[in-house]
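Within every chain, numbering begins at 1; the chains are lettered A, B, ... in the order of the sequence lines, protein sequences first and strands thereafter. Side chains included, hydrogens not; waters and symmetry mates left out as well; all remaining heavy atoms used.
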Number of protein chains: 2
Amino acid sequence: MDHLSQTEENYLKAIFKICEQEEKAASTNAIAGEINTTPASVSDMLKRLAGKSLIHYEKHRGVTLSENGLQIATMLIRKHRLWEVFLVKTLNFSWDEVHEMAEQLEHVQSPELVERLDSFLGHPRFDPHGDPIPDAAGNFASRKQVQLSTLAIGEKAVVVGVQEHSAVFLQYLDKMNLGLGASVGVQEIFEFDGSLKVTIEGHQDLVISSKVSENLLVQKTK
Amino acid sequence: MDHLSQTEENYLKAIFKICEQEEKAASTNAIAGEINTTPASVSDMLKRLAGKSLIHYEKHRGVTLSENGLQIATMLIRKHRLWEVFLVKTLNFSWDEVHEMAEQLEHVQSPELVERLDSFLGHPRFDPHGDPIPDAAGNFASRKQVQLSTLAIGEKAVVVGVQEHSAVFLQYLDKMNLGLGASVGVQEIFEFDGSLKVTIEGHQDLVISSKVSENLLVQKTK
DNA sequence: AAGTATTTTTAGATTAGTCTAAAAATGAAT
DNA sequence: ATTCATTTTTAGACTAATCTAAAAATACTT
């Protein structure tokens, strides 16, 4: 088995992402949406990937990754997230600039390169967005994190991740001092629209929309 | 003009390399040899590249890079060589291991990434094989270097580059203490086969074949 | 200058990946 | 269970890049 094309790799990543979020088989439509292509193209590709035993595929039933496919997808995520750490920590990019570059770097084929990079970076366990970096064996670190929106009044927590990765959202968080590591407390919840008034350690209190609080992942403190 | 495919980029690099070596237009055959494809495929591609004004092409006449094509090829070389420095200096690979990886990394599209990498590395002017790294404007540093084989008996010099980049050659040089920076002196020249007896500062004297001395670039000292 | 050898180009096919439009399968709703 | 809407698959066509084999152009040799 020689190595996959970038296109094939992107399909595996998309399938991984969908299965992870939805906790079930990925539909043709969902994959098309994720990859920005047509369902017809996806159907075609699914046949090819099934032919290489990278996915489990029965017509009209959606697909899941095979053990092999899962392994490859996991390594792509490992590479992507390690490169993101490199770009932010070593080259001083900000967290909202690195996605596109990592998207390309993740396709560089060299297992040795990944391991050297990992060790140069000090074996980081989370990327600049707080997403866990699978280790060389493919294991993801896990954390007891929840959406900020699930906290009750008076609870305190530390921002450890985001669910939405768009540059605009990340820039908004920077501006509001809500980046990774920010210590926040819920002061008030407005029933009307689900917005929250939060305290931010070292900064001014702030009202954030439910859309923001649902996309912020935190770890409760105390 | 959106950006080029990796294939197109590889053709531009090949044409650059041939024109540089031969000092004239690159022939279809030479390009096919460099890229490991058939002359027919090259002919096809030349039409496409000419269509994008990346090369000057008249049938049966060979090709040269247009200003545009030259700019792109130069930036590819810049990226390739910077990544090689990164791999050797930062990730501690040896000079015979980095070519393949750099070959992939050079296709990552992000001008900002190149500049950040360059500055992280301290604006190196030569790569791990002694090849000059073009600056952001595309200018190559130049040096008065000659093949070791051109020295007369008694002359001394420092190894600054190689003309052959194969892993076996580079490993041979490592083993013989003839890596970049080695101080050598020509002690004896054997007419019979053109081999040389050289002194190497800090190491034992050594006889090297003409093939080796022709592929070693040195800068005369004193 | 003619004829042979070499190089280059064309012609025609192939593969990966994509698309649109149409057909088939599935799911939902009465 | 039949209809309607949605999802998925097929059919057929297109582009980029490649190949082999044949044709055309150039270069070499005497």
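- Between Q6(A) and Q6(B), some side-chain heavy-atom pair lies under the 4.5 Å cut-off.
- Because its NZ or CZ atom is not both nearer than 6.0 Å to the ring centre of Y11(A) and within 45° of the ring axis, R48(A) does not count as a cation-pi partner of that residue.
- Side-chain proximity of R48(A) to the nucleotides dT9(D), dA16(C), dT9(C) is greatest for dA16(C).
- Contacts of T28(B) with the nucleic acid, taken as non-hydrogen atoms under 4.0 Å apart, involve only primed sugar atoms and P, OP1 or OP2.
- Using a 4.0 Å cut-off on heavy atoms, none of the residues of residues 2-23 of chain A approach DNA chain D.
- Contact check on K220(B) versus E155(B) returns a salt bridge, with a Lys/Arg side-chain nitrogen under 4.0 Å from an Asp/Glu carboxylate oxygen.
- Judged by distance alone, the side chains of E9(A) and Q109(A) do bring a donor and an acceptor atom under 3.5 Å apart.
- Dashed line: the shortest gap from a side-chain N or O of N29(A) to OP1 or OP2 of dT6(D) is not under 4.0 Å.
- For the pair K52(B) NZ and dA17(D) C1', the interatomic distance rounds to 12 Å; values are reported in whole Å.
- In this structure, K47(B) reaches the dT10(C) phosphate: one of its side-chain N or O atoms is under 4.0 Å from OP1 or OP2.
- Checked by atom type and distance alone, the side chain of R78(B) never pairs as donor or acceptor with a backbone atom of G138(B) at under 3.5 Å.
- Judged by distance alone, the side chain of N215(B) and the main-chain N or O of K211(B) form a donor-acceptor pair under 3.5 Å.
- Residues H99(B) and H165(B) keep their aromatic ring centres 6.0 Å or farther apart.
- In this structure, CG of L46(B) is placed 18 Å from P of dA25(D), rounded to the nearest angstrom.
- Proximity of a side-chain donor or acceptor of S213(A) to a complementary backbone N or O of S210(A) within less than 3.5 Å is detected.
- Here dT9(D) presents its C1' atom at 15 Å from CD of E58(A), a figure rounded to the nearest Å.
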Please list, for nucleotides 19-26 of chain C, all pairs of protein and nucleotide N/O atoms separated by less than 3.5 Å.
from: dC19(C); atom 1: OP2; to: T37(A); atom 2: OG1; distance (Å): 2.4
from: dC19(C); atom 1: OP2; to: T38(A); atom 2: N; distance (Å): 3.2
from: dC19(C); atom 1: OP2; to: T38(A); atom 2: OG1; distance (Å): 3.1
from: dC19(C); atom 1: OP2; to: S41(A); atom 2: OG; distance (Å): 2.5

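- Side chains of H107(B) and N10(B): a donor-acceptor N/O pair is present below 3.5 angstrom, by distance only.
- Residue M45(A) contributes atom CE, which lies 12 Å from atom C1' of dT15(C) at whole-angstrom precision.
- In this structure, L54(A) places its CG atom 14 Å from P of dA16(C), rounding to the nearest Å.
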